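In what follows, a single structure is set out as structure tokens and then discussed.
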There are 2 protein chains.
Amino acid sequence: MSGIECCNGLTMAESDLQTRARELLRAADGRITSARLAVLEVLLGSAAALSHHEIENAIAQRGRDVDRVTLYRVLDWLVERDLAHRIASEDRIWRFNAVDRVQAGDHAHFHCTRCGQIVCLDGPYSSAAPALPTGYQPERTEITIHGRCPGCAG
Amino acid sequence: MSGIECCNGLTMAESDLQTRARELLRAADGRITSARLAVLEVLLGSAAALSHHEIENAIAQRGRDVDRVTLYRVLDWLVERDLAHRIASEDRIWRFNAVDRVQAGDHAHFHCTRCGQIVCLDGPYSSAAPALPTGYQPERTEITIHGRCPGCAG
DNA sequence: TTAAAAGATGCAATCCAATTGCATCTATGG
DNA sequence: CCATAGATGCAATTGGATTGCATCTTTTAA
């Protein structure tokens, strides 16, 4: 959380997020609604993938309010348009992050086994998985590294 | 589904599963109950990881009956004792398979994007994931290969 | 062989993320 | 400014998983 106070009471960072979110939505060929702006701003402002509840709270903190169902639908829409990325994890909760600078294609994930946080790892990777039995046709490979994030490593 | 009819009306394969399941339970230092036997037999008889419902159905087909909650608890118990392996997937459903010949440690999974089936892949693997940002401590790496299984590849 | 106790089971109720139906509202093109 | 395709809010529902508690069963020891 950083940024310099700006004319409208928001930090520079927040103002930038608004602008960026609006740009992305405009380019996505769909209606620019307050719910979509709010959600996308939150996602753009977070390095970690966020759960539905975390997004809801972040929006509430900004003094805005989005219905739970709408949030789900906005997230679906963003994922459909490749503006967001949906991650499944072992706790059966979907997490989302903005597909901004994060590469749209294959990328690995880091999952903190203590706080549950999930972040996308930049850069390419390769894997030497065991040979597939006859008849299996691979399409994509998913890699998740489990461990401790910097905050939980101590 | 194969096997030769045996004296007790079960196929040889089923009889073998019963014996093997009983052995494993005995070695696990816990009570040998009919629910545990039934569940472990089913898991031992399947190459693919099975969902809760699939296990329930398989048990029912054998003319036995296990309460839903008991099934969950038996599965937890088997996982705790390293007799079974629990797999999370994108459909938010737990799947289980017996840890018999399947290596207990790290191994990759294959997920069929059409039928949803998940199987454990034998053998070791290595991955060249992107370098972790400073402060991240890796513990284990999980690899899932998504694609088509032999039955769905056509 | 049997009784006590440690542990497993069944049932009902509950939790919680996610989804669906439907009436209402609104962003956008004309 | 209007019409409307599309988005939203609310209530109800789904479905996998979990919890509390009374009852039953496996085991151990007498």
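None of the values given here were measured: they were computed from a predicted structure. In what follows, chains carry the letters A, B, and so on, assigned in the order in which the sequence lines appear, proteins first and then strands, with residues in each chain numbered from 1.
- Per the geometry, CZ belonging to A/R22 stands 12 Å off C1' belonging to C/dA27, to the nearest Å.
- One finds a side-chain N or O of A/W94 lying less than 4.0 angstrom from the OP1 or OP2 phosphate oxygen of C/dA18.
- In this structure, the CG atom of A/L71 is 12 Å from the P atom of C/dA17, given to the nearest Å.
- A straight line from CG of B/L37 to P of D/dT26 spans 11 Å, rounded to a whole angstrom.
- Take the nearest nucleotide of DNA chain C for A/G30 and for B/A35: the residue whose nucleotide is more 5' is B/A35.
- Checking C/dT28, C/dT20, C/dG10 against every side-chain atom of B/V66, the shortest atom distance belongs to C/dG10.
- Scanning all heavy atoms of the two residues, the minimum distance from A/L43 to A/F96 falls at CD2-O, 3.6 Å.
- For the pair B/R68 CZ and C/dA12 P, the computed distance is 10 Å after rounding to whole Å.
- For the OP1/OP2 pair of D/dT26 and a distance below 4.0 Å, the side-chain nitrogens and oxygens of B/T33 include no atom meeting the criterion.
- Taking atom CG of residue B/L78 and atom P of nucleotide C/dA8, one finds them 11 Å apart after rounding to whole Å.
- B/R81 and B/A28 get closest at one heavy-atom pair: NE-O, 3.6 Å.
- Considering only side-chain atoms of A/I93, the nucleotide from C/dT9, C/dT20, C/dA17 that sits closest is C/dA17.
- Using a 4.0 Å heavy-atom distance criterion, A/R36 is classed as a sugar-phosphate-only contact.
- Side-chain N/O atoms of B/S89 and B/R95 include a donor and acceptor closer than 3.5 Å.
- Following rounding to the nearest Å, A/R26 (CZ) and C/dT28 (C1') show an atom-to-atom distance of 14 Å.
- A donor N or O paired with an acceptor N or O is found under 3.5 Å between the base of C/dA6 and the side-chain atoms of B/R31.
- Nearest to the side-chain atoms of A/R92 among the listed nucleotides D/dA5, D/dA17, D/dT8 stands D/dA17.
- For B/R114 against B/C152, the heavy-atom pair with the smallest separation is NH1-SG, 3.2 Å.
- Checked by atom type and distance alone, the side chain of B/R36 pairs as donor or acceptor with a backbone atom of B/R31 at under 3.5 Å.
- Between B/H52 and D/dA17, a side-chain N or O to OP1/OP2 separation shorter than 4.0 Å is absent.
- In this model, the phosphate group of D/dA17 is approached by a side-chain N or O of B/Y72 to a distance below 4.0 Å at OP1 or OP2.
- The CG atom of B/D29 sits 13 Å away from the C1' atom of D/dT26 (whole-angstrom rounding).
- The residue among B/I32 and B/D91 whose nearest nucleotide of DNA chain D is located toward the 5' end is B/D91.
- With distances taken from any side-chain atom of B/H53 to the nucleotides D/dG16, C/dA12, D/dA7, the minimum falls on D/dG16.
- As rounded to whole Å, 14 Å separates atom P of D/dT25 from atom CG of B/D67.
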